[in-house]
Amino acid sequence: MSLLLSGLNNEQVKAVTLEEKSALVLAGAGSGKTRVLTTRISYLIQSRQVSPHNILAVTFTNKAAKEMRARISNMLPINIQGMWVGTFHSLCNRMLRAHYQDAGLPQAFQILDSSDQLAVIKRVLKDINVDNEKFTPRQVQWFINNAKDDGLRGLQVEVYDDFTRKMVEFYLAYEQQCNKEGVVDFSELLLRSYELLIRNEVLQKHYSSRFIHILVDEFQDTSQLQYKWLRLLAGSESSVFVVGDDDQSIYAFRGANTGNMKEFKRDFHISGVIKLEQNYRSHGNILDAANTLIRNNNGRLDKNLWTAEDHGELLKVYNAPTDLDEASFIVNEVKSLHTEGVRFSKIGVLYRSNAQSRVLEHALFNASLSYRVYGGLRFFERQEVKHALAYLRMIANPDDDNALLRIINFPTRGIGARSLEQLQDSAKEQGGSLWQAALEMSCGKGGKGRSSASRIENKNIDAPRKGINSFVFLIESMRHDCSELSLPEIVDHMLVHSGLADYYNNHREGANRLENLNELINAITIYIQESEDSSLTAFLAHASLEAGEYQNSDNQDAIQLMTVHSAKGLEFHSVFLSGLEEGLFPHDNSYNEAGGLEEERRLMYVALTRAQQRVYLSFAQSRMLHGQTHYNVPSRFLNEIPKNLLKVLHPIQEFEDIEEISIDSNYRDNVSVKDSILKKKSSSLEVHAIDSSKWNIGKRVVHKKFGVGVIVSYEGAGVDARVQVKFNEYGTKWLSLEYAKFLSI
DNA sequence: ACTGATTCTTTTTTT
DNA sequence: AAGAATCAGT
């Protein structure tokens, strides 16, 4: 035991060895939170003789769950298989699989990811003829998920106007459709599991007496429903140990509710909160910057993070003319960091939104640096993989309409809009899934026996079949053939018989996709090694729940690219935080949301505290986003960091390169872009109708009346010269150079 | 029914 | 800018 606790500070030891039943640990960034959690579990097992069987640990990501398992295995020489460790979603999935009948689900129920969910919603809306522009599928999706996160079924949602009445109607229709198909979305996993426990006292008693110790990581990110689920699972006897940091709550958009910390204290009679305030990760300056910034938020729990490290370097700020320049700056710095001996994998390049990764990837790629992007286009979301998974889903549960629609005519087998329409009509009539309708249709036509076995025997005689018949036959024979096969064999069989392998083999540009399909086989091999349940259904659940975590298992040294959200819980030697511009970080959409800005600030706080030794903050005056050039002002968060902690770096090149870009996107005449560039190049005098060293596009100006702004365009010369300026607070205006009152340029 | 082309939409963060 | 949805021609 002394070995377990060695190297921990007093507060950490106190948390690990706590005697009281339940506890709230307020753990700042980098304060050894994960270590405390894993050590406590090991301590419980080793010193208090708690069986792993009696422990349940909830983490925020699957990755964290994996790591926790690994760490505990390292500390203890015993088998911890019986311990339940995972995300809320994966634990609920596990519970629902075990009690699918009590939960009212088919054994092979499938899980919808967000895009699947959206597809179902679109179908449902179309079905009940909602063409209304007023109700976008996204809105409906948002509404449904919010209701579910609050634990509400369609009929429980309070209706207070026409809008909610409609939404509830859609919610109910959606619910019905999902039940028909035997599919559940992410929120549904939680809600079902919660309802299972609250309705079935025997089960609730069973689980709450089994899980004597419940430990929760990232507690600040739990939703209302998740908290209720926990309370139910704990019952009155279990001990609940939660760890969280209100300053790192960045998932409010997904229903996270910091208020749970307060409720927890009340519900579980917590007398004293344990605070872990010593940061072991970052140098002083970085921590000072983060602390000062976060102090701008209101209603924080009292906490003061400190470090025994020295100040370290100043945070570096880079002002880039364009996003391209920002990227090349980052590339250069990364290179020199690497020469200094920093491993690539210890360098994190962070951004607010996934769309920003493009430019960065491009620059890194051209510099032949190896990098890895997290999030973005996830492996299991690629279309060829989705096609393959859809076939697998049909094998597991043919009532999955999403899956059926995806593959019924892919590869093409002569089923067009007409046949599909018929199929959908007849499904609607019968009130069943598309598959049931298709089955009915093909049996009716054939007028022969229904057993799939007889069909298979008649394989040669019955071919060639057409349209829906051939599809039904295909799926039925696949289901039949696969019933006895192992998971890798099933996938192999499916790839061949579905025609997917052939299709991508013969298609131009199919090579890449074929590679991904091979990767899928790889993923399955890894999955089988790592998990206890190697059934098809279990794998499909895994694919839905861990879409984000799968990565080519190469462990090569690569630069880490990700959003700030996915960086939570990680640490790097050096952190690049790019795109620090108003409208991007903080994001435009946050301005109008209640508490939006504070959440953005916490996000910034998370970003800063990822760094051990070095932070680079960069922003671009102009940025290409969604096909348009945007001119932004530096993020307010830069101003919230004390000046004496910052070192401003200057751009290396000044105007040479910028000229082309500004012409490219802003030249207002009807001259073709190419022409204008040529013209500008041939005569530099003509270029500067307005002295561009002064009135450069993207340049920051201060106006007497309108305040701070950025030049977005200019035209005319001499007395007629005008500039278009986008002001922070007054919008975009054309101003005459002769009369405009600029205080500084 | 299939294809290629054109128009429309999306565009924060994630299990 | 990139994808999805829709349309027109074969």
Rounded distance (Å) that lies between atom [atom2] of [N] and atom [atom1] of [X]:
X      : N      : atom1 : atom2 : result
A:E593 : B:dT13 : CD    : P     : 13 Å
A:Q117 : B:dT14 : CD    : P     : 16 Å
A:N62  : B:dT15 : CG    : P     : 8 Å
A:R602 : B:dT13 : CZ    : C1'   : 13 Å
A:D588 : B:dT13 : CG    : C1'   : 14 Å
A:Q141 : B:dT14 : CD    : P     : 14 Å
A:L118 : B:dT14 : CG    : P     : 17 Å
A:D221 : B:dT14 : CG    : C1'   : 11 Å

A:R418 vs A:I250, nearer the 5' end of DNA chain B by closest nucleotide: A:R418

query: Between A:T412 and A:L603, who's closer to the 5' end of DNA chain B by nearest nucleotide?
result: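 With A:T412 and A:L603 compared, the 5'-side residue is A:T412.
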
For [N], does either OP1 or OP2 sit under 4.0 Å from a side-chain N or O belonging to [X]?
X      : N      : result
A:T61  : B:dT14 : no
A:N354 : B:dT13 : yes
A:N145 : B:dT14 : no
A:S114 : B:dT15 : no

message: Suppose we call two aromatic rings close when their centres sit under 6.0 Å apart. Are A:F109 and A:Y100 close by that rule?
response: no

Side-chain polar contacts of residues 243-257 of chain A - donor-acceptor pairs under 3.5 angstrom, sequence neighbours left out - could you list them?
from   : atom 1 : to     : atom 2 : distance (Å)
A:D245 : OD1    : A:D247 : N      : 2.9
A:D245 : OD1    : A:K303 : NZ     : 3.0
A:D245 : OD2    : A:Q248 : NE2    : 2.9
A:D246 : OD2    : A:L301 : N      : 2.8
A:D247 : OD1    : A:R300 : NE     : 2.9
A:D247 : OD2    : A:R300 : NE     : 3.4
A:D247 : OD2    : A:R300 : NH2    : 2.8
A:D247 : OD2    : A:K303 : NZ     : 3.1
A:Q248 : OE1    : A:R610 : NH2    : 3.3
A:N257 : OD1    : A:G259 : N      : 3.0
A:N257 : ND2    : A:N260 : OD1    : 3.4

Using side chain to side chain contact (heavy atoms under 4.5 Å, CB included) as the criterion, list what pairs up with [X], not counting sequence neighbours.
X      : result
A:E188 : A:K148, A:R153, A:V184, A:D185, A:R192
A:E530 : A:K66, A:I526
A:L232 : A:Y194, A:L197, A:I198, A:Q204
A:E593 : A:N589

Residues in side chain to side chain donor-acceptor pair (under 3.5 Å) with [X], at least two apart?
X      : result
A:R602 : A:E599
A:D588 : none
A:Y503 : A:H507

task: Take nucleotides 2-10 of chain C nucleotide by nucleotide from the 5' end and write B, S or -, depending on whether a protein heavy atom sits under 4.0 Å from the base, only from the sugar-phosphate, or from neither.
output: S--S-----

- prompt: Which listed nucleotide (B:dT15, B:dT13, B:dA1) is nearest to the side chain of A:H89?
  reply: B:dT15

field: Residue A:T563, side-chain atoms from C-beta onward, closest of B:dT14, B:dA1, C:dA1
entry: B:dT14

Applying a 4.0 Å non-hydrogen cut-off, can you work out what [X] is touching in the nucleic acid: base, sugar-phosphate, or nothing?
X      : result
A:S90  : nothing
A:N409 : sugar-phosphate
A:Y251 : sugar-phosphate
A:Q383 : nothing

- request: Kindly state each residue pair satisfying salt bridge (charged side-chain N to carboxylate O under 4.0 Å, His left out) with at least one member in residues 216-232 of chain A, sequence neighbours excluded.
  value: A:K33-A:D217, A:K33-A:E218, A:E218-A:K568, A:D221-A:K568, A:R231-A:D267

query: Is there side-chain contact between A:H362 and A:N366, with at least one heavy-atom pair below 4.5 Å?
result: yes

task: Report yes if some heavy atom in the side chain of A:W84 is under 4.5 Å from a heavy atom in the side chain of A:Y207; otherwise report no.
output: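 In short, these two side chains touch, coming nearer than 4.5 Å.
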
Enumerate all atom pairs, one protein N or O and one N or O from nucleotides 7-11 of chain B, separated by less than 3.5 Å.
from   : atom 1 : to     : atom 2 : distance (Å)
B:dT11 : O2     : A:H626 : ND1    : 2.1
B:dT11 : O2     : A:H626 : NE2    : 2.8

query: Are there more than 12 heavy atoms of other residues, nucleotides or ligands under 6.0 Å from atom CZ of A:R382?
result: yes

query: Among residues 181-190 of chain A, which contact DNA chain B at a heavy-atom distance under 4.0 Å?
result: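 Result for residues 181-190 of chain A: A:F186, sorted by number.
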
message: Given the structure, check if the side chain of A:R254 and the base of B:dT13 hold any donor-acceptor pair shorter than 3.5 Å.
response: no

- prompt: Is there aromatic stacking of A:F253 against B:dT13, centre distance under 5.5 Å, plane angle under 30°?
  reply: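 Yes, A:F253 stacks on the base of B:dT13, since the ring centres sit under 5.5 Å apart and the planes are within 30°.
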
